[in-house]
Amino acid sequence: MSADRSAMLTIEDLSVARAGRTILDGVSLQVRPASITTLLGPNGAGKSTLMLAVAGLLPASSGKVAIADRRLTGLRPERIRRAGVAVAAEGRRLLGDLSVRDNLRVATYALRGSDAEAGLEWAVELFPELKKRWDIPARLLSGGEQQMVVIAQAIVSRPSTLLIDELSLGLAPIAVRRLLPTLEEIAQAGVGVLLVEQFAHMALSLADAAYVMQGGQIVFHGVANDLRRQPDLLESAYRLSGANAAG
């Protein structure tokens, strides 16, 4: 299954204000198809706000979000999802009393029958473990299994761009190691992946491009491998006295 490789997500001069305070200030960023882009930065930098704004869950004060030549700014979240942008949000918010199967079926509500079945088939192909947990309530799953369901919910619509906010948050290392190759597989299918991740070196080992955000602005943009191989550059990009946020 392959996404539209021409559908690049472009963010131009995006600003977001909340309660009279500027959270994002002129952010520009690109997510290319068939690649992984990572967005790094300390807590409070504005990373999650950017994800929510792109998904239409927070209004932009100014700027533009587009996929290919289609402007997304100002559209409702369901229209942005139909345009090809899906979000695996931080916090693993699932319907805990519903089974794995029903959580995934809820995510296909806007799809035609054949598209829904194809999306479910791809999700199970990426996460075969879920088939064994098909009838188990989501609240009884491990953290790693819940994260699989969250990502599966996002990709059943076969998006051209997938936004993942804090992949590893609260997960055991073994669960994170299971998820990483799947992100690469999703990108290889033609999807552009934007990954927000607290462990910078792990994210940089997967990504093609990297952005670092601080104070609601992009303070670094470059090749992920270059940033990973130069710890001093990474620390400088973070503008922190210590590199603990870099994982």
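- Taken together through direct or relayed side-chain contacts under 4.5 Å among Ile, Leu, Val, Met, Phe, Trp and Tyr, V150 and M148 form part of one hydrophobic cluster.
- For the pair E117/E121, no side-chain contact is recorded, criterion being any heavy-atom separation below 4.5 Å from C-beta on.
- Connection of L39 to L195 is not established within any shared hydrophobic cluster, with ILVMFWY side chains joined at heavy-atom distances below 4.5 Å, either directly or through further cluster members.
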(message) Please determine whether side-chain contact (heavy atoms from CB on, under 4.5 Å) holds for the pair R158 and D115, giving the CA-CA distance in whole Å, both sets of side-chain angles, and the decisive distance to 0.1 Å.
(response) CA-CA 9 Å; R158 294 179 294 177; D115 290 339; 2.8 Å; yes
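- Remark: the D165 side chain and the S48 side chain contain an N/O donor-acceptor pair separated by less than 3.5 Å.
- In this structure the side chain of M51 reaches within 4.5 angstrom of the side chain of L194, judged on heavy atoms.
- In terms of modelled atom types and a separation under 3.5 Å, the side chain of D25 and the main chain of S15 share no donor-acceptor contact.
- Put simply, CD on E185 and CZ on F127 are 9.0 Å apart, with the number rounded to the nearest 0.5 Å.
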(message) Could you walk me through whether K64 and I11 satisfy the side-chain contact (heavy atoms from CB on, under 4.5 Å) test, starting with their C-alpha distance in whole Å, then the side-chain angles of each, then the deciding distance to 0.1 Å, before giving a yes or no?
(response) CA-CA 6 Å; K64 175 183 174 182; I11 301 166; over 6 Å; no
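- Contact annotation: the side chain of L169 approaches that of Q198 to within less than 4.5 Å [non-hydrogen atoms, C-beta and beyond].
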(request) Test V196 against I164 for side-chain contact (heavy atoms from CB on, under 4.5 Å), laying out the working first. (result) CA-CA 6 Å; V196 167; I164 303 180; over 6 Å; no
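- When all heavy atoms are compared, the tightest approach of A154 to A86 is O-CB, 3.2 Å.
- Minimum heavy-atom separation, P59 to V16: O-CG1, 3.7 Å.
- Between the E197 side chain and the T38 main chain, no donor and acceptor come within less than 3.5 Å of each other.
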(request) Check the pair V191 / T161 against side-chain contact (heavy atoms from CB on, under 4.5 Å), numbers first and verdict last. (result) CA-CA 5 Å; V191 179; T161 304; 5.6 Å; no
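- Using modelled atom types, one side-chain atom of K47 and one backbone atom of P42 make a donor-acceptor pair closer than 3.5 Å.
- Of the inter-residue distances, the one linking R18 atom CZ with L58 atom CG reads 4.5 Å to the nearest 0.5 angstrom.
- Note that the CD atom of E125 and the CG atom of L130 stand 13.0 Å from one another [nearest 0.5 Å].
- With Y211 contributing its side chain and Q30 its backbone, the two residues share a donor-acceptor pair below 3.5 Å.
- Interatomic distance, Q153 CD to R105 CZ, rounded to the nearest 0.5 Å: 13.0 Å.
- Using modelled atom types, one side-chain atom of Q146 and one backbone atom of A138 make a donor-acceptor pair closer than 3.5 Å.
- Using a 4.5 Å cut-off on side-chain heavy atoms (C-beta onward), I218 and V212 make no contact.
- One hydrophobic cluster, built from ILVMFWY side chains closer than 4.5 Å, cannot hold both M213 and F199; they sit in different ones.
- In this structure, Q188 contributes its side chain and A34 its backbone to no donor-acceptor pair below 3.5 Å.
- In terms of modelled atom types and a separation under 3.5 Å, the side chain of E145 and the main chain of S142 share a donor-acceptor contact.
- Listed here is the closest heavy atom pair of L204 and A210: CD2-CB, 3.6 Å.
- Without hydrogens or angle criteria, Q147 side chain to L167 main chain gives a donor-acceptor distance under 3.5 Å.
- With hydrogens and angles disregarded, no donor-acceptor distance shorter than 3.5 Å links the side chain of T49 to the backbone of I23.
- Checked by atom type and distance alone, the side chain of D208 never pairs as donor or acceptor with a backbone atom of S35 at under 3.5 Å.
- Environment of CZ in R101: crowded, with over 12 heavy atoms of neighbouring residues, nucleotides or ligands closer than 6.0 Å.
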(request) Check the pair R178, T182 against side-chain hydrogen bond (donor to acceptor under 3.5 Å, both in side chains), reporting the backbone distance first and the verdict last. (result) CA-CA 8 Å; R178 162 63 185 90; T182 303; 2.7 Å; yes
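- Dense packing is recorded around CZ of R71, with more than 12 heavy atoms of other residues, nucleotides or ligands lying under 6.0 Å away.
- Within the 4.5 Å cutoff, no side-chain heavy atoms of W122 are placed close to those of V156.
- If you take CD1 on I186 and CD1 on I155, they are separated by 6.0 Å, rounding to the nearest 0.5 Å.
- M8 and V223 are members of different hydrophobic clusters when ILVMFWY side chains are connected at heavy-atom separations under 4.5 Å.
- Proximity of I67 to S160: side-chain heavy atoms (C-beta onward) are separated by under 4.5 Å at one or more points.
- L162 and V124 fall within the same hydrophobic cluster, where Ile, Leu, Val, Met, Phe, Trp and Tyr residues are linked whenever their side-chain heavy atoms come under 4.5 Å apart, directly or through other members.
- Note that CG of L24 is 12.0 Å distant from CG of D13, once rounded to the nearest 0.5 Å.
- For the pair L120/T108, a side-chain contact is recorded, criterion being any heavy-atom separation below 4.5 Å from C-beta on.
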